[in-house]
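Since the structure comes first, as C-alpha coordinates, the remarks are kept for the end.
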Amino acid sequence: STYQQPTEPEVSEKHPGILQVEWILGRVQTLENAVEEFKGKKNEKPYLMLEEYLTKELLALDSVDPEGRADVRQVRRDGVRKVQNILERLEQKAQENDTFQTHMDVDSGVEKSGKGMGDNGAKEGIIPQEAKKEASANSTHTPADATTP
(Lines give C-alpha, C1' and ligand atoms only; values in the text may rest on other atoms or scores of the structure.)
Protein backbone atom coordinates (compact mmCIF):
# COMPACT_ATOMS: atom_id res chain seq x y z
CA SER A 1 0.00 0.00 0.00
CA THR A 2 1.16 3.51 -0.73
CA TYR A 3 -0.62 5.16 2.21
CA GLN A 4 1.83 6.71 4.65
CA GLN A 5 1.06 7.66 8.21
CA PRO A 6 1.23 11.47 8.50
CA THR A 7 4.39 12.47 10.31
CA GLU A 8 4.56 15.18 12.94
CA PRO A 9 6.77 18.19 12.28
CA GLU A 10 10.46 17.64 12.92
CA VAL A 11 10.49 20.01 15.88
CA SER A 12 8.36 17.74 18.03
CA GLU A 13 10.61 14.76 17.21
CA LYS A 14 13.64 16.43 18.76
CA HIS A 15 14.71 15.23 22.17
CA PRO A 16 13.97 17.78 24.93
CA GLY A 17 17.71 17.96 25.64
CA ILE A 18 18.40 19.06 22.06
CA LEU A 19 15.64 21.66 22.26
CA GLN A 20 17.12 22.94 25.52
CA VAL A 21 20.60 23.24 23.96
CA GLU A 22 19.14 25.08 20.94
CA TRP A 23 17.34 27.50 23.25
CA ILE A 24 20.56 28.19 25.17
CA LEU A 25 22.47 28.69 21.91
CA GLY A 26 19.85 31.27 20.88
CA ARG A 27 20.88 33.32 23.92
CA VAL A 28 24.55 32.65 23.16
CA GLN A 29 24.08 34.15 19.67
CA THR A 30 23.13 37.49 21.24
CA LEU A 31 26.24 37.34 23.43
CA GLU A 32 28.42 36.39 20.45
CA ASN A 33 27.21 39.51 18.63
CA ALA A 34 28.10 41.60 21.68
CA VAL A 35 31.59 40.02 21.76
CA GLU A 36 32.12 40.94 18.09
CA GLU A 37 31.24 44.56 18.93
CA PHE A 38 33.38 44.57 22.10
CA LYS A 39 36.08 47.25 22.21
CA GLY A 40 37.06 47.31 25.89
CA LYS A 41 39.69 45.84 28.15
CA LYS A 42 39.72 42.90 30.56
CA ASN A 43 39.34 44.99 33.71
CA GLU A 44 36.29 46.90 32.46
CA LYS A 45 32.70 46.13 33.37
CA PRO A 46 31.44 45.27 29.84
CA TYR A 47 34.13 42.56 29.59
CA LEU A 48 33.32 41.20 33.03
CA MET A 49 29.59 41.15 32.26
CA LEU A 50 30.03 39.34 28.93
CA GLU A 51 32.38 36.84 30.55
CA GLU A 52 29.87 36.19 33.34
CA TYR A 53 26.92 35.73 30.95
CA LEU A 54 28.90 33.34 28.75
CA THR A 55 30.00 31.36 31.80
CA LYS A 56 26.36 31.10 32.93
CA GLU A 57 25.43 29.70 29.51
CA LEU A 58 28.26 27.15 29.84
CA LEU A 59 26.77 26.07 33.15
CA ALA A 60 23.31 25.88 31.57
CA LEU A 61 24.68 23.64 28.81
CA ASP A 62 26.40 21.51 31.41
CA SER A 63 23.09 21.01 33.23
CA VAL A 64 21.36 19.52 30.14
CA ASP A 65 20.77 15.82 30.81
CA PRO A 66 21.53 13.76 27.68
CA GLU A 67 19.71 10.78 29.24
CA GLY A 68 22.33 8.49 27.74
CA ARG A 69 21.65 9.65 24.18
CA ALA A 70 24.72 10.21 22.02
CA ASP A 71 22.95 12.78 19.80
CA VAL A 72 22.05 15.00 22.77
CA ARG A 73 25.55 14.60 24.23
CA GLN A 74 27.09 15.63 20.87
CA VAL A 75 24.85 18.69 20.46
CA ARG A 76 25.65 19.73 24.03
CA ARG A 77 29.39 19.20 23.47
CA ASP A 78 29.27 21.30 20.28
CA GLY A 79 27.45 24.04 22.21
CA VAL A 80 30.08 24.01 24.96
CA ARG A 81 32.85 24.30 22.35
CA LYS A 82 31.06 27.22 20.71
CA VAL A 83 30.78 29.11 24.02
CA GLN A 84 34.42 28.35 24.87
CA ASN A 85 35.48 29.73 21.48
CA ILE A 86 33.44 32.90 22.07
CA LEU A 87 35.07 33.32 25.49
CA GLU A 88 38.50 32.92 23.87
CA ARG A 89 37.57 35.52 21.24
CA LEU A 90 36.46 37.93 23.98
CA GLU A 91 39.75 37.46 25.82
CA GLN A 92 41.71 37.88 22.58
CA LYS A 93 39.92 41.14 21.73
CA ALA A 94 40.51 42.48 25.26
CA GLN A 95 44.22 41.63 25.03
CA GLU A 96 44.45 43.30 21.61
CA ASN A 97 42.79 46.41 23.05
CA ASP A 98 45.16 46.40 26.05
CA THR A 99 48.16 46.01 23.74
CA PHE A 100 46.92 48.72 21.37
CA GLN A 101 46.34 51.14 24.26
CA THR A 102 49.76 50.38 25.76
CA HIS A 103 51.43 51.09 22.41
CA MET A 104 49.45 54.30 22.04
CA ASP A 105 50.46 55.39 25.54
CA VAL A 106 54.14 54.62 24.88
CA ASP A 107 54.02 56.43 21.53
CA SER A 108 52.47 59.53 23.08
CA GLY A 109 54.89 59.43 26.02
CA VAL A 110 52.01 59.20 28.51
CA GLU A 111 51.59 56.27 30.84
CA LYS A 112 47.92 55.42 31.41
CA SER A 113 48.22 51.88 32.69
CA GLY A 114 47.51 52.91 36.27
CA LYS A 115 51.07 52.13 37.36
CA GLY A 116 52.98 55.04 38.75
CA MET A 117 49.89 57.21 39.02
CA GLY A 118 49.98 57.23 42.81
CA ASP A 119 46.79 57.40 44.84
CA ASN A 120 45.02 59.38 42.16
CA GLY A 121 44.75 56.40 39.79
CA ALA A 122 43.50 54.08 42.52
CA LYS A 123 40.83 56.52 43.69
CA GLU A 124 39.62 57.30 40.20
CA GLY A 125 38.94 53.65 39.45
CA ILE A 126 39.61 51.68 36.34
CA ILE A 127 36.25 51.74 34.56
CA PRO A 128 35.76 54.79 32.33
CA GLN A 129 32.62 56.89 32.83
CA GLU A 130 31.18 55.76 29.47
CA ALA A 131 31.37 52.11 30.52
CA LYS A 132 29.76 52.90 33.87
CA LYS A 133 26.91 54.75 32.13
CA GLU A 134 26.48 51.96 29.60
CA ALA A 135 26.52 49.29 32.31
CA SER A 136 24.00 51.13 34.47
CA ALA A 137 21.76 51.79 31.47
CA ASN A 138 21.87 48.11 30.60
CA SER A 139 21.62 46.78 34.14
CA THR A 140 17.82 46.75 34.12
CA HIS A 141 17.63 44.81 30.86
CA THR A 142 20.35 42.23 30.36
CA PRO A 143 20.72 39.70 27.52
CA ALA A 144 19.93 36.90 29.97
CA ASP A 145 16.72 38.64 31.09
CA ALA A 146 15.64 39.30 27.53
CA THR A 147 15.53 35.62 26.61
CA THR A 148 14.31 34.10 29.86
CA PRO A 149 10.83 32.65 29.31
Side-chain angles (χ1 to χ4, degrees), residues 10-149:
E10 183 184 331
V11 173
S12 63
E13 293 177 13
K14 288 184 180 178
H15 186 275
I18 292 177
L19 294 173
Q20 193 177 358
V21 168
E22 289 176 350
W23 184 69
I24 293 166
L25 290 178
R27 295 190 310 236
V28 167
Q29 184 61 51
T30 302
L31 295 170
E32 183 175 24
N33 295 341
V35 167
E36 288 308 313
E37 299 296 317
F38 179 75
K39 293 179 177 25
K41 299 178 188 176
K42 257 187 162 180
N43 58 352
E44 295 174 344
K45 194 165 187 173
Y47 175 91
L48 298 171
M49 289 172 64
L50 280 169
E51 183 182 49
E52 181 180 346
Y53 290 140
L54 287 163
T55 301
K56 283 181 180 178
E57 299 305 345
L58 267 181
L59 294 172
L61 286 167
D62 195 44
S63 72
V64 173
D65 183 2
E67 299 175 358
R69 290 185 45 153
D71 58 339
V72 178
R73 195 170 15 259
Q74 185 60 49
V75 168
R76 184 179 72 174
R77 188 178 298 131
D78 292 345
V80 167
R81 277 197 201 105
K82 179 180 178 74
V83 175
Q84 288 171 336
N85 288 338
I86 296 169
L87 277 164
E88 287 173 13
R89 178 74 180 123
L90 176 63
E91 187 173 352
Q92 178 185 20
K93 288 188 81 164
Q95 285 175 344
E96 288 170 2
N97 293 338
D98 281 342
T99 303
F100 176 74
Q101 186 63 48
T102 301
H103 286 301
M104 292 298 291
D105 294 344
V106 168
D107 290 345
S108 66
V110 177
E111 185 178 334
K112 294 182 183 173
S113 66
K115 296 175 188 143
M117 288 173 39
D119 289 340
N120 205 12
K123 288 179 185 169
E124 290 290 322
I126 307 169
I127 301 172
Q129 289 301 317
E130 306 86 57
K132 287 181 184 176
K133 287 177 190 170
E134 181 181 313
S136 65
N138 293 336
S139 66
T140 56
H141 186 71
T142 62
D145 292 337
T147 57
T148 303

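These numbers were taken from a predicted model, which means no experiment stands behind them. Just so you know, these numbers use all the heavy atoms, side chains as well, and skip hydrogens, waters and symmetry mates.
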Distance from [X] atom [atom1] to [Y] atom [atom2], nearest 0.5 Å?
X	Y	atom1	atom2	value
Leu50	Thr55	CG	OG1	10.5 Å
Leu90	Tyr53	CG	OH	13.5 Å
Leu54	Glu88	CG	CD	11.5 Å
Lys14	Asp71	NZ	CG	11.0 Å
Arg77	Leu61	CZ	CG	12.5 Å
Phe38	Gln92	CZ	CD	12.5 Å

Is it true that Glu32 and Lys82 make a salt bridge, defined as a side-chain N closer than 4.0 Å to a carboxylate O?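 Looking at Glu32 and Lys82, the cut-off is met.
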Hey, does [Y] have a side-chain heavy atom less than 4.5 Å from the side chain of [X]?
X	Y	answer
Val64	Val75	no
Val83	Ile24	no
Gln84	Val80	yes
Ile86	Leu31	no

Polar side-chain atom of Asn97 near backbone of Lys39 as donor-acceptor pair, under 3.5 Å: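 Such a contact is found between Asn97 side chain and Lys39 backbone.
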How far apart are the closest heavy atoms of His15 and Asp65, and which atoms are they?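 Closest heavy-atom pair between His15 and Asp65: CE1-O, 4.2 Å.
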Taking all heavy atoms of Arg73 and all of Pro66, pick out the closest pair and write down the distance.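 Closest pair (atom of Arg73, atom of Pro66, distance): N-CB, 3.9 Å.
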Apply side-chain contact (heavy atoms from CB on, under 4.5 Å) to residues Leu48 and Glu52 and explain how you reach the verdict. CA-CA 6 Å; Leu48 298 171; Glu52 181 180 346; over 6 Å; no
Residues that Gln20 engages under side chain to side chain donor-acceptor pair (under 3.5 Å), provided they are two or more places apart: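 With neighbours one apart ignored, the set is empty.
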Would you say Gln74 and Asp78 are linked by a side-chain donor-acceptor pair, where the criterion is simply a distance under 3.5 Å?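 Yes, a side-chain donor-acceptor pair sits under 3.5 Å.
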Arg89 pairs by salt bridge (Lys or Arg N to Asp or Glu O under 4.0 Å) with which of Glu37, Glu36, Glu51?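 Output: one option passes, namely Glu36.
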